[in-house]
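First up is the structure itself, then whatever we jot down about it.
For ligands, and for the atoms within them, numbers begin at 1 and follow the listed sequence. On a predicted model such as this, the values are computed, not experimentally measured, just so you know.
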Amino acid sequence: MNQHAHPAPLPFIDVAAQRRRLGAKLDQAIARVTNHCQFIMGPEVKALEAELAAFCGARHAISCASGTDALMLVLMGKGIGPGDAVFCPAFTFCATAEVAAVLGATPVFVDVDDTTFNINPTSLESAIATAKRLGLAPKMVIPVDLFGLPADYDVIADIAKSEDLFVLDDAAQAFGATHKGRSIGTLAHATATSFFPAKPLGCYGDGGAIFTDDDDLAAILKSLRVHGEGTNRYDNVRIGITGRLDTIQAAVLIEKLKIFPDEITARNRAAERYANALGNLVIVPRVPQHSTSVWAQYSIRLAPGMRERFAASLKAAGIPTAVYYPKPVNRQEAYKHFPVADGGVPVSEQLAEEVISLPMHAYLDTTTQDRIVEAVRCAVEHDPEELQSVQTR
Ligand SMILES: Cc1ncc(COP(=O)(O)O)c(C=O)c1O
């Protein structure tokens, strides 16, 4: 054997291992749809919605074409538009702010907490003041449950109540997580999630869902996702979109939902092993006592300037990494003209310099994980000075 051969690269998310586990049941589920031919709003869509609602305890689950559409439909349903301020964390995927901008509203960027990476309530209060000073009407806050960990909804609800803000949970990364014993889907006025394949609960293409207990909003959302239909498809009572979930994707999700609780347990087991093995080497994510995470990402922090060498070192060992997110959204070309909370977003800026994510999925066996841990140890030990500066923070 060639002693210098590179080790086989690992997958960042092992979708193929999950596919093997789902086996013939998944083929049969898809075949049922290709046999009954109700590709749009077929029976699986309704069945999935009932199962998703039961899973999280929400009164309504409304499936749709993507996580972005899930967010957008809620903004449309609430009539968000020009002159309205929508508060978004700066450290998120752009879609959180994009939906506000697409509708002509103004995303106002809020800083995040240094430990949870989720929206910082003090910065939210500053952002509300910023928006008012700019003559904008504060309408909505979109907390993001970053990397699978719920934001602090009790504190956010208090601020939202005093300012009459609608709370839309961007749970694209966090379906299946909990906060103070309540499930994602029930923590805000409405919740949007994504079934993008890499998400904890992903389908085999694009997909998403909205959760709410509000009957009126649910009826509006169902209309909006089918071109604003009224009593039927050719009765258009509002401006909507083509925002439906494909029946085939619903069939895939029904099968995946069956193994999802077990997968969440496996992800948490993997996260715990990472924390135990890496906690004295790098800054590892910590879950507040009253929350559970679904670990959409396992993101560690390194000292600024260390990340590139670290990633290269892991890559040489066949271990992929990813950076979520290398730039806060307020620094992106398309978003840099939108307002930022008074006091700026220094934590978001710092995180963008320091975070790096390791492979995380439900099929990370202990041998593979030990290989990753060993590669992290080697990479960090090449950079002892930088490591020192991380540990003393
Ligand atoms: C925080 C966040 N919001 C929204 C989205 C958008 O979801 P989708 O890709 O399904 O449109 C994503 C997806 O990556 C996300 O991570």
Side-chain angles (χ1 to χ4, degrees), residues 12-13 15 48 52 61-76 86-103 107 109-110 112-113 116-119 140-151 153 156 167-177 184-185 187-188 190-211 221 224-225 241-246 249-250 252-253 256 285 293-299 322-330 332 334-335 348 351-352 355 357 360-361:
F12 189 65
I13 294 174
V15 188
L48 172 70
L52 289 171
I62 298 127
S63 61
C64 60
S66 68
T68 307
D69 276 3
L71 292 167
M72 173 94 87
L73 286 163
V74 177
L75 268 71
M76 292 171 78
V86 176
F87 303 97
C88 312
F91 194 59
T92 179
F93 182 61
C94 69
T96 315
E98 183 181 41
V99 292
V102 163
L103 293 171
F109 293 108
V110 180
V112 296
D113 179 84
T116 63
F117 305 172
N118 284 330
I119 202 162
M140 185 179 277
V141 54
I142 314 185
V144 176
D145 310 313
L146 204 75
F147 305 150
L149 177 69
Y153 284 94
I156 294 164
V167 184
L168 169 57
D169 173 3
D170 180 346
Q173 305 178 5
F175 187 65
I184 285 287
L187 301 172
T191 302
T193 198
S194 165
F195 300 131
F196 183 82
K199 296 293 190 252
L201 180 63
C203 58
Y204 284 172
D206 280 309
I210 306 156
F211 302 90
L221 296 171
L224 283 169
R225 76 173 165 184
I241 61 172
T242 318
R244 300 165 297 232
L245 180 73
D246 288 344
Q249 299 303 345
V252 169
L253 284 162
K256 288 208 187 188
S293 176
V294 286
W295 301 102
Q297 302 298 341
Y298 192 86
S299 303
V323 175
Y324 306 104
Y325 300 92
K327 255 189 206 182
V329 188
N330 60 295
Q332 296 286 352
Y335 294 89
S348 302
L351 290 175
V355 286
S357 305
M360 166 52 81
H361 52 84

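Applying the 4.0 Å criterion to heavy atoms of Ala172 picks out, from ligand 1, the atoms 2 (C), 3 (N), 4 (C), 5 (C), 12 (C), 15 (C). The atoms of ligand 1 that sit less than 4.0 Å from any heavy atom of Ser194 are 7 (O), 8 (P), 10 (O). Using a 4.0 Å cut-off to heavy atoms of Gly67, the atoms of ligand 1 that qualify are 7 (O), 8 (P), 10 (O), 11 (O). Close approach of ligand 1 to Ala95 (heavy-atom distance below 4.0 Å) involves ligand atoms 4 (C), 5 (C), 6 (C). Here is the list of ligand 1 atoms found below 4.0 Å of a heavy atom in Val144: 1 (C). Within ligand 1, the atoms closer than 4.0 Å to a non-hydrogen atom of Thr68 are 6 (C), 7 (O), 8 (P), 11 (O), numbered from 1 in the order shown.
The aromatic rings of Phe91 and Phe147 sit perpendicular, their planes meeting at an angle over 60°, well past the 30° parallel limit. Between Phe175 and Phe211, the ring planes are parallel. Angles under 30° get that label, and only those over 60° would be called perpendicular.
Put simply, the side chain of Leu73 reaches to within 4.5 Å of the side chain of Cys64, judged on heavy atoms. The shortest side-chain heavy-atom distance between Ile210 and Val74 falls under the 4.5 Å cut-off. A 4.5 Å side-chain heavy-atom check between Asp69 and Arg225 finds every atom pair outside the cut-off. Taking the side chain as every heavy atom from C-beta outward, Phe195 and Leu52 approach each other to under 4.5 Å.
Of the options Gln173, Lys199, Gln297, the smallest heavy-atom separation from atom 13 (C) of ligand 1 is shown by Lys199. The option with the heavy atom closest to atom 1 (C) of ligand 1, from among Asp206, Thr193, Asp170, is Asp170.
Side-chain atoms of Thr191 never come within 3.5 Å of backbone atoms of Asp169 as a donor-acceptor pair (strictly under, hydrogens ignored).
When heavy-atom distances to ligand 1 are checked against a 4.0 Å cut-off, Thr92 comes that close only through its side chain, counted from C-beta outward.
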